[in-house]
Amino acid sequence: QVQLVESGGGLVQAGGSLRLSCAASGRTFSRYAISWFRQAPGKEREFLAGITWSDGNTYYADSVKGRFTISRDNAKNTVYLQMNNLKPEETAVYYCGEIQGTRYRPISTVGSYDSWGRGTQVTVSS
């Protein structure tokens with residue numbers, strides 16, 4: 001089974017940028033999507049951006065459209081999240097998740113995901 005490892009988090013000032021990486025190791029027979037979520041203490045895990053694997057289509061939450069970009073490097077088996085103009089309220093642990101298989105599942109729904117990384121902390125200071 002594929003293991004996901006996030007990296008690239010850290011401390012950034014409001015208005016700054018970070019690029020997160022999600023590295024997938026191991027072999028998967030099929031993959032429907034990989035997406036990024038975030039979760040602040042006491043809050044639900046929130047969908048940010050996803051990419052469906054077969055066609056490379058990308059999907060974004062309204063709250064991050066125009067500021068965040070999801071991309072992939074197939075050779076490195078890595079998915080990235082470029083985050084620009086970060087806001088203090090976006091301080092959270094950022095996770096990547098994978099939907100395995102080929103059948104449709106809604107990518108914005110936490111319950112669709114078969115595997116998660118451990119997360120990387122992003123702190124945005126004011």
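Sequence positions, counted from 1, serve as the residue numbers for this chain.
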Side chains of T91 and Q121, heavy atoms from C-beta outward: is any pair under 4.5 Å? yes
Step-by-step side chain to side chain contact (heavy atoms under 4.5 Å, CB included) determination, S17 to N84: CA-CA 4 Å; S17 299; N84 298 327; 2.9 Å; yes
Listing request: all side-chain hydrogen bond (donor to acceptor under 3.5 Å, both in side chains) pairs with a residue in residues 62-71, at least two apart in sequence or in separate chains. D62-K65, R67-E90
Sole residue of R105, Q100, R31 in side-chain hydrogen bond (donor to acceptor under 3.5 Å, both in side chains) with D114: R105
Taking the side chain from N77 and the backbone from A24, do they hold a donor-acceptor pair closer than 3.5 Å? yes
Considering all heavy atoms of both residues, which atom of P88 and which atom of S126 are nearest to each other, and what is their separation? CG-CB, 4.0 Å
Once you round to the nearest 0.5 Å, how far does OG1 of T58 lie from CZ of F68? 14.5 Å
Candidate pair Y32 and T102, rule side chain to side chain contact (heavy atoms under 4.5 Å, CB included), full reasoning: CA-CA 5 Å; Y32 183 71; T102 59; 5.9 Å; no
Joint hydrophobic cluster, W36 plus F47, side-chain heavy atoms closer than 4.5 Å: no
Do the side chains of Y95 and E6 get nearer than 4.5 Å, heavy atoms only? yes
Heavy-atom closest pair, residues S35 and G50: OG-CA, 3.1 Å
Provide the closest heavy-atom pair for S21 versus T78 in the form atom of the first, atom of the second, distance. CB-CG2, 4.2 Å
Distance (rounded to the nearest 0.5 Å) between I99 CD1 and I34 CD1: 10.0 Å
Proximity of W116 and F37 rings by center, below 6.0 Å: yes
Distance only, no hydrogens: is a donor on one side chain within 3.5 Å (strictly under) of an acceptor on the other, for Y59 and S108? no
Neighbour count above 12 (heavy atom, 6.0 Å) for E89 CD: yes
Is there a path of hydrophobic side-chain contacts, each under 4.5 Å between heavy atoms of I, L, V, M, F, W or Y residues, that connects V12 with L81? yes
Stacked cation flag R19 on Y80, 6.0 angstrom / 45 deg: yes
Find out if a path of hydrophobic residues (ILVMFWY) with successive side-chain heavy-atom gaps under 4.5 Å connects V122 to I70. yes
Hydrophobic clusters here meaning ILVMFWY residues chained together by side-chain heavy-atom distances under 4.5 Å, can you tell me if V93 and L18 are in one? no
Can you list, by chain and residue number, the hydrophobic cluster partners of L4 when the side-chain cut-off is 4.5 Å? V2
Look up atom CZ in R38 and atom CZ in R45, then write down how far apart they are to the nearest 0.5 Å. 13.0 Å
Decide yes or no for L11 and S125: does some side-chain heavy atom of the first lie under 4.5 Å from some side-chain heavy atom of the second? yes
Has Y113 got a side-chain atom pairing as donor or acceptor with C96's backbone, closer than 3.5 angstrom? no
Between I107 and A33, what is the shortest heavy-atom contact and its length? CG2-CB, 3.8 Å
Does any non-hydrogen side-chain atom of L48 lie less than 4.5 Å from one of M83? no
